[in-house]
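Presented below is the structure to which this report refers.
Numbers here simply count residues along the sequence, with the first being 1. Owing to the predicted nature of the structure, the values given are computational and were not obtained by experimental measurement.
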Amino acid sequence: MPSHHKGEETPELVKYNELSDTLTVKPRALDITWGGDSRYWKISPGAGPAELVQVSWLQVNGKAKLSYFKKDRDYAVRFRVELRPDNFGWGDRPVYLMSGVDGQRSWRKADLGAKRPDEAFNIPMDRPLTFRVPVPSNYSNSAVVEFGLYEIWRGWWKGGLVIHEVVIEPVGPTLAGFQH
């Protein structure tokens, strides 16, 4: 039995909406450390959520081809998540989110401890986690944006987090999912 879940890139799991210039990535398309072991994660078939049962090392990574996005434009990455009523380990242990293109990484911190169970919310919650699509002359169709969700430094057990999806959308005055 493999201990890690390797993301699957299928049209059902990675959907680009050309009209809104938005990419939605379902959990099954993400690389989830310990995701191959049902003692630690429950990963739904198809486009359903991924539920963290318990881990001390939270590491969820994803990537998307930059060719989905418009060059020389800023985009925001957000994870749509919720906490189960029996969640644990989030009180004073923030999670960290990362996005990066070509070695340039941005980080945000999110404190989940004060969130109400059974209500979906976006992280990061305060400021968007952004990246800029480059315009270099050697831009390649295989270039990607990498993104992730982490809590790997403290070694405390945590559980009850549900990941519904990751959304990547253009940064602008009407950026959905963030309160201004």
Side-chain angles (χ1 to χ4, degrees), residues 7 14-27 29-33 49-52 55 57-84 87-136 139 143-154 156 158-180:
V14 180
K15 292 185 178 181
Y16 178 69
N17 180 320
E18 196 169 343
L19 186 63
S20 64
D21 191 23
T22 300
L23 186 73
T24 302
V25 180
K26 295 298 184 176
L30 303 171
D31 294 338
I32 302 175
T33 300
E51 181 178 348
L52 170 61
V55 294
W57 183 283
L58 175 65
Q59 182 173 350
V60 178
N61 295 308
K63 61 185 174 187
K65 294 176 188 168
L66 286 179
S67 57
Y68 282 117
F69 308 108
K70 293 180 173 65
K71 294 178 184 176
D72 202 28
R73 188 166 189 186
D74 292 321
Y75 288 84
V77 178
R78 61 182 166 90
F79 281 72
R80 184 81 175 152
V81 300
E82 77 179 88
L83 293 171
R84 293 283 186 227
N87 77 81
F88 61 94
W90 304 109
D92 58 354
R93 292 174 213 70
V95 296
Y96 292 86
L97 299 106
M98 179 276 302
S99 71
V101 174
D102 200 25
Q104 300 294 319
R105 300 199 188 294
S106 296
W107 291 87
R108 294 286 178 271
K109 178 171 83 168
D111 293 306
L112 308 183
K115 299 308 282 185
R116 294 178 52 160
D118 285 335
E119 291 182 6
F121 58 95
N122 296 321
I123 53 176
M125 295 170 259
D126 51 359
R127 321 184 288 166
L129 174 64
T130 61
F131 67 92
R132 178 171 281 274
V133 178
V135 206
Y139 179 84
V144 297
V145 56
E146 298 174 295
F147 49 89
L149 171 64
Y150 310 95
E151 201 297 294
I152 59 176
W153 298 276
R154 292 192 170 83
W156 294 86
K158 58 202 104 5
L161 177 71
V162 178
I163 301 173
H164 291 285
E165 62 190 11
V166 176
V167 176
I168 302 174
E169 60 192 341
V171 172
T174 59
L175 182 61
F178 290 99
Q179 299 161 345
H180 296 288

Can you find a pair of side-chain heavy atoms, one from [X] and one from [Y], that are under 4.5 Å apart?
X      : Y      : value
Val162 : Leu52  : no
Leu149 : Ile123 : yes
Arg93  : Trp153 : no
Glu119 : Glu82  : no
Val166 : Thr24  : no
Val101 : Leu66  : yes
Val133 : Tyr75  : yes
Leu161 : Val81  : yes

Let me see the working for Val14 and Tyr68 under side-chain contact (heavy atoms from CB on, under 4.5 Å), right down to the final yes or no.
-> CA-CA 11 Å; Val14 180; Tyr68 282 117; 3.7 Å; yes

Going from [atom1] on [X] to [atom2] on [Y], what distance comes out if it is rounded to the nearest 0.5 angstrom?
X      : Y      : atom1 : atom2 : answer
Asn122 : His164 : CG    : NE2   : 10.5 Å
Ser106 : Arg132 : OG    : CZ    : 11.5 Å
Leu129 : Lys109 : CG    : NZ    : 15.0 Å
Phe131 : Ser99  : CZ    : OG    : 6.5 Å
Leu30  : Lys63  : CG    : NZ    : 11.5 Å

Check each of Thr130, Leu97, Leu23, Ile168 against Val77 using the side-chain contact (heavy atoms from CB on, under 4.5 Å) test, and report the only one that passes.
->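 Filter result, single survivor: Ile168.
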
Give a yes or no answer on whether the side chain of [X] reaches the backbone of [Y] with a donor-acceptor pair at less than 3.5 Å.
X     : Y      : result
Trp90 : Gly159 : yes
Asp74 : Val171 : no
Arg80 : Ile163 : no
Asn17 : Leu19  : yes
Lys71 : Phe69  : no
Thr22 : Ser20  : yes

For a quick test of reading the model, state the closest non-hydrogen atom pair linking [X] to [Y] and the distance between them.
X      : Y      : answer
Met98  : Gly100 : SD-N, 3.7 Å
Glu151 : Trp156 : OE1-O, 4.4 Å
Arg108 : Pro128 : NE-O, 3.1 Å

Centres of the Trp107 and Tyr150 rings: under 6.0 Å?
->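 Judged by ring-centre distance (under 6.0 Å), Trp107 and Tyr150 do meet the cut-off.
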
Which is it for Asp92 and Arg154 under the side-chain contact (heavy atoms from CB on, under 4.5 Å) test, yes or no, and what are the steps along the way?
-> CA-CA 11 Å; Asp92 58 354; Arg154 292 192 170 83; over 6 Å; no

Would you tell me whether Gln59 and Trp57 have side-chain atoms, one donor and one acceptor, within less than 3.5 Å of each other?
->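 Judged by distance alone, the side chains do pair up.
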
Any side-chain donor near an acceptor of the partner, Tyr16 and Asp21, under 3.5 Å =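 Looking only at side-chain atoms, Asp21 and Tyr16 do form a donor-acceptor pair, the distance falling under 3.5 Å.
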
Does the pair Phe79 and Val167 meet the rule for a side-chain contact (heavy atoms from CB on, under 4.5 Å), with working shown?
-> CA-CA 6 Å; Phe79 281 72; Val167 176; over 6 Å; no

Neighbour count above 12 (heavy atom, 6.0 Å) for Asp31 CG =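 Above 12, so yes.
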
Just do the salt bridge (charged side-chain N to carboxylate O under 4.0 Å, His left out) check on Arg78 and Glu169 with the steps written out, would you?
-> CA-CA 9 Å; Arg78 61 182 166 90; Glu169 60 192 341; 2.9 Å; yes

List the steps, then state whether side-chain contact (heavy atoms from CB on, under 4.5 Å) holds for Glu51 with Arg84.
-> CA-CA 9 Å; Glu51 181 178 348; Arg84 293 283 186 227; 3.6 Å; yes

